[in-house]
Each structure stands twice: as C-alpha cells, then as structure tokens.
Amino acid sequence: MDNKNELFESIKNYLLDDANRNADGRIETETELAVRFNTSRYKVRQALSTLVQMGMLERSPRRGSVLKNLEQHNINHQLLMQFDLSGFDITEFTEARILIECAIIPLATRRIFPAMLSKLENELRLIEENADNPQVADRHDRDFHLLLLQASGNRVLQVFSDVLITYFEKTRESLPANDRQYFLDTAAKQREILLHIKKGDAQMASELMRAHLLEKRL
C-alpha cells in the first residue's frame, strides 16, 4: 500500500470509530485532522472528498463534515474484499463496467435533470482544463462516469459506484500516465455521449459509451 492509500485508510478508519465524532455525526475540521495525522490540509481534503464520493460523508459550509450511510459502507467494504480475494484483473473489471454503464444509459436518459447535466458538463470542462495533469484529469474522468450512474436514479447501482471509486483509488498508481491529447479526446467523446443523452437518443449514447470504454481498455 502506498503512502497516499495508507493515509486515506487511516483517516477513514479513524472517522468510522464512533468515539471520534460528535453525536450528530460531525467530524473534526480539516486543520484538526491534518495536525492529528501530521499531513497537509490538501491531503486531508483529498481523503474527505473521496469519502464524499463514496457516500460516507456529507460536507456543508454551515454544518461542517458529517458521516452518513455507514450501513451502505459496510456493504461496499464487503464487495471490495470480494474483489481483492477473487483476484479480478482490470480486463474483467472493464467488462463489468461496459455491461453496467451501457445498461444504465436508458435510465439516465429518461431521468436526468438540468442540474445533473450541468454537473456532467462541468466535469468535462475540468478534464479539458486539467489535461496536462493526468492525476486530476483522471479523477474528473472517473467522476463523469459516477455522475451518470447517479443520474440513473437506481440506488442499487450506487453501491457499484462506491466500489468503483475505491477500486480506482487502489489502481491509480499502476495505470500508465496519459498525455494531454488523451484527456482532450476523452472529454470530446464523453461530450458526444452527453449530447445524445440530451437528445433522448439512449441507443446511440449507449453505443458510444461501449466504444469509449473498449478504447480505454486497450
């Protein structure tokens, strides 16, 4: 386990301990956690952002950070353990992604709302703006796919999205660095998928998603 993953696991395990949060679920501030773990606020913020994406943490300017959905986290943890124990490789995982992400396109096409469209478009903009920074661009690429899962409105699929986040975190360091053009091309292809979703053309959007994920596997 690298230092980044060690820090994330340490913060997550610390926060999951009932003794380390208030009765209302609120946790320590970024500054307090940075001091406790002898690290920077930036690294703490990264870890907390991942917990937000996993559905374990809710962040609000007024309330601060509040833990939630701990029962769902237990399900996600068990699924991830099964991934590790079964030794699934990236090819098998990509095949599963293609099946699931293409299948949810019709649901997302019917249920997507303007605010979600804005979020998806923002992720594409951030991929383009950070095309020279593979780690950041890759994270926004991941978040685009996670938002589409969320747009499907299916809570069962949300469990898969949480496992997907954790899997990406564990495998990110082993992925080859991609250049600027790779991320610009990725954003362009995903923008075309989003365009067909807006048009209500779920079939074409699904076909484009399938081709996009197959290319990423190569």
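Bear in mind that the values here come from a model prediction, so they are computed numbers and not experimental data.
- At a threshold of 4.5 Å between non-hydrogen side-chain atoms, the residues R97 and M209 do not count as touching.
- Cluster annotation: L148 and L214 are assigned to the same hydrophobic cluster (Ile/Leu/Val/Met/Phe/Trp/Tyr, side-chain heavy-atom contacts under 4.5 Å, transitive).
- Residues L213 and Y182 are members of one and the same hydrophobic cluster, defined by side-chain heavy-atom contacts under 4.5 angstrom among Ile, Leu, Val, Met, Phe, Trp and Tyr.
- No more than 12 heavy atoms of other residues, nucleotides or ligands sit less than 6.0 Å from atom CZ of R210.
- Residues H140 and E129 are not in side-chain contact: their nearest non-hydrogen atoms beyond the backbone lie 4.5 Å or more apart.
- Each of H145, E121, E123 was compared with Q190 under the side-chain hydrogen bond (donor to acceptor under 3.5 Å, both in side chains) criterion, and only H145 meets it.
- Two residues are said to be in side-chain contact when any heavy atoms from C-beta on lie closer than 4.5 Å; N154 and I104 fail this criterion.
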Verdict with reasoning, E30 to L33, per side chain to side chain contact (heavy atoms under 4.5 Å, CB included)
CA-CA 5 Å; E30 287 181 3; L33 289 170; 5.9 Å; no
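- Side-chain atoms of H196 and Q203 form no donor-acceptor pair, as typed in the model, at a separation below 3.5 Å.
- Counting heavy atoms from C-beta outward, L126 and D143 have side chains that stay 4.5 Å or more apart.
- Heavy atoms from other residues, nucleotides or ligands lying under 6.0 Å from CG of D132 number more than 12.
- Ionic pairing of E32 and R36 is not present here: no N-O contact between side-chain nitrogen and carboxylate oxygen is shorter than 4.0 angstrom.
- Put simply, the side chain of F37 does not reach to within 4.5 Å of the side chain of V44, judged on heavy atoms.
- Note that the OG1 atom of T186 and the CG atom of D138 stand 9.0 Å from one another [nearest 0.5 Å].
- Contact annotation: the side chain of F8 approaches that of L51 to within less than 4.5 Å [non-hydrogen atoms, C-beta and beyond].
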List the steps, then state whether side chain to side chain contact (heavy atoms under 4.5 Å, CB included) holds for L120 with I197.
CA-CA 11 Å; L120 287 161; I197 289 175; over 6 Å; no
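- Residues L208 and K189 are not in side-chain contact: their nearest non-hydrogen atoms beyond the backbone lie 4.5 Å or more apart.
- T50 contributes a side-chain N or O that, together with a main-chain N or O of Q46, makes up a donor-acceptor pair within less than 3.5 Å.
- Residues I105 and L107 fall into different hydrophobic clusters, defined by Ile, Leu, Val, Met, Phe, Trp and Tyr side chains chained together at heavy-atom separations under 4.5 Å.
- Contact annotation: the side chain of H212 never approaches that of E101 to less than 4.5 Å [non-hydrogen atoms, C-beta and beyond].
- Here I193 contributes atom CD1 and C102 contributes atom SG; the two are 8.5 Å apart, rounded to the nearest 0.5 Å.
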